Amino acid sequence: MAIIRHPVDWLGSWYRYRTRDALLGHENSTANISFDDFVLEYCKGKPAEFAKVGSQNKFVRLNDDNLGVDHLFRYESLNKAVQFLEQRLDVEIDLPMRNVSPVLDLQLSPDIKDKLHEKRSEEFAIWERAQS
């Protein structure tokens with residue numbers, strides 16, 4: 001099983017995580033980069049270090065490109081994944097919030113959002129496939 005986020009939210013989480021003070025001056029820092037520029041860089045074939053965050057689509061696939069999980073959930077519906085695990089494991093699960101990134105305005109420009117959909121359509125397709 002796996003849990004994935006909506007692609008824009010997932011990128012926003014990476015972006016916010018990489019704004020933290022511990023990364024200031026590091027090549028992964030997004031402290032002085034707009035969210036639009038971060039997403040544009042992510043869309044490139046070979047992005048700069050600060051935008052190298054991998055792919056949720058590739059993460060849940062096998063080497064032959066088949067889906068490598070039987071149960072795929074959306075982070076936005078985390079309660080369904082928790083219910084699934086509680087039923088399977090016959091335990092009650094309590095998930096406290098931890099490792100929360102800072103709150104930032106993450107509105108993408110419409111043209112950047114369109115480019116992300118065009119360049120990384122597989123990320124949206126796998127999210128659509130996940131259970132909501």
Side-chain angles (χ1 to χ4, degrees):
M1 77 155 285
I3 301 168
I4 60 173
R5 292 179 90 149
H6 184 276
V8 175
D9 293 337
W10 176 72
L11 288 169
S13 179
W14 272 110
Y15 173 79
R16 289 181 294 127
Y17 177 70
R18 290 184 169 184
T19 63
R20 68 191 195 284
D21 289 345
L23 286 181
L24 286 176
H26 191 276
E27 63 188 350
N28 286 349
S29 177
T30 56
N32 297 312
I33 298 165
S34 72
F35 187 49
D36 275 350
D37 288 342
F38 174 78
V39 171
L40 276 176
E41 191 65 30
Y42 171 75
C43 289
K44 292 180 179 177
K46 292 184 179 184
E49 290 300 317
F50 67 83
K52 284 185 182 176
V53 295
S55 163
Q56 293 184 107
N57 179 58
K58 288 180 183 175
F59 182 77
V60 297
R61 296 205 177 269
L62 301 171
N63 290 337
D64 62 3
D65 208 32
N66 285 316
L67 193 59
V69 296
D70 296 320
H71 304 279
L72 188 60
F73 297 94
R74 292 180 182 177
Y75 178 83
E76 298 78 13
S77 300
L78 190 58
N79 61 323
K80 292 192 180 199
V82 170
Q83 289 171 353
F84 169 78
L85 288 172
E86 287 178 334
Q87 289 173 352
R88 283 287 176 106
L89 302 174
D90 194 27
V91 298
E92 186 175 319
I93 298 173
D94 178 37
L95 291 177
M97 293 296 290
R98 293 196 175 134
N99 194 25
V100 179
S101 298
V103 176
L104 298 173
D105 179 22
L106 299 177
Q107 293 297 315
L108 281 178
S109 303
D111 57 324
I112 304 298
K113 189 181 278 190
D114 290 346
K115 184 165 188 158
L116 177 61
H117 274 272
E118 175 193 330
K119 294 286 188 176
R120 297 296 183 119
S121 61
E122 71 281 356
E123 298 297 328
F124 290 91
I126 197 67
W127 182 82
E128 288 290 336
R129 190 169 172 177
Q131 297 178 41
S132 59

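Because only heavy atoms are used, hydrogens play no part in the values below, and waters and symmetry mates are left out as well, while side chains stay in. All residue numbers in this chain count up from 1 along the given sequence. Worth saying up front: this structure is predicted, and the values here are computed from it rather than measured.
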Is there a continuous path of hydrophobic side-chain contacts, each under 4.5 Å between heavy atoms, that joins F59 to L67? yes
Distance-only donor-acceptor hits, side chain of residues 76-85, under 3.5 Å, sequence neighbours excluded:
from : atom 1 : to   : atom 2 : distance (Å)
E76  : OE1    : W127 : NE1    : 3.0
E76  : OE2    : H6   : N      : 2.7
K80  : NZ     : S132 : O      : 2.8

Partner set under side chain to side chain donor-acceptor pair (under 3.5 Å) for N66, not counting sequence neighbours: D64
Which pairs would a plain distance check flag for residues 25-38, meaning a side-chain donor or acceptor within less than 3.5 Å of a matching protein atom at least two apart in sequence or in another chain?
from : atom 1 : to   : atom 2 : distance (Å)
H26  : ND1    : N28  : N      : 3.0
S29  : OG     : A31  : N      : 3.1
T30  : OG1    : Y15  : O      : 2.7
T30  : OG1    : R18  : O      : 3.3
T30  : OG1    : T19  : N      : 3.3
S34  : OG     : D37  : N      : 3.0
S34  : OG     : D37  : OD2    : 3.3
D36  : OD1    : S109 : N      : 3.0
D36  : OD2    : S109 : OG     : 2.4

Within a strict 4.5 Å, meaning less than it, do heavy atoms of the M1 and V69 side chains meet? no
Quick one, Q131 with L72, criterion side chain to side chain contact (heavy atoms under 4.5 Å, CB included). Give me CA distance, side-chain angles, the key distance, then yes/no. CA-CA 6 Å; Q131 297 178 41; L72 188 60; 6.0 Å; no
Which atoms form the tightest heavy-atom contact between K44 and R120, and what is the distance? O-NH2, 3.8 Å
Reported CD1-to-CZ distance for the pair I3 and R74, which is rounded to 0.5 angstrom: 13.5 Å
What is the minimum heavy-atom distance between Q107 and D105, and which atoms define it? CG-OD1, 3.2 Å
With sequence neighbours left out, which residue pairs that include part of residues 49-59 fulfil the salt bridge (charged side-chain N to carboxylate O under 4.0 Å, His left out) condition? E49-K52
Dump the intermediate steps for side chain to side chain contact (heavy atoms under 4.5 Å, CB included) on L116 and V8, then the final yes or no. CA-CA 9 Å; L116 177 61; V8 175; 3.9 Å; yes
By the ring-ring contact (aromatic ring centres under 6.0 Å, His included) test, which pairs, at least two apart or in different chains, include something from residues 88-122? H117-F124
For the atom pair CD1 (I126) and CD1 (I4), what is the distance rounded to the nearest 0.5 Å? 5.5 Å
W14 vs Y17 aromatic rings, parallel, tilted or perpendicular, using cut-offs 30° and 60°? perpendicular
Spacing of Q56 atom CD and L11 atom CG [to the nearest 0.5 Å]: 8.0 Å
Applying side chain to side chain donor-acceptor pair (under 3.5 Å), name anything that partners Y75, two or more places apart in sequence or on another chain. none
Count the heavy atoms of every other residue, nucleotide or ligand shown that sit under 6.0 Å from CG of D90, and state whether that count exceeds 12. no
Do the non-hydrogen side-chain atoms of S55 and E123 ever get within less than 4.5 Å of each other? yes
Is the closest side-chain heavy-atom distance between K119 and Y42 below 4.5 Å? no
How long is the gap from CG on L108 to CG on L106, to the nearest 0.5 Å? 8.0 Å
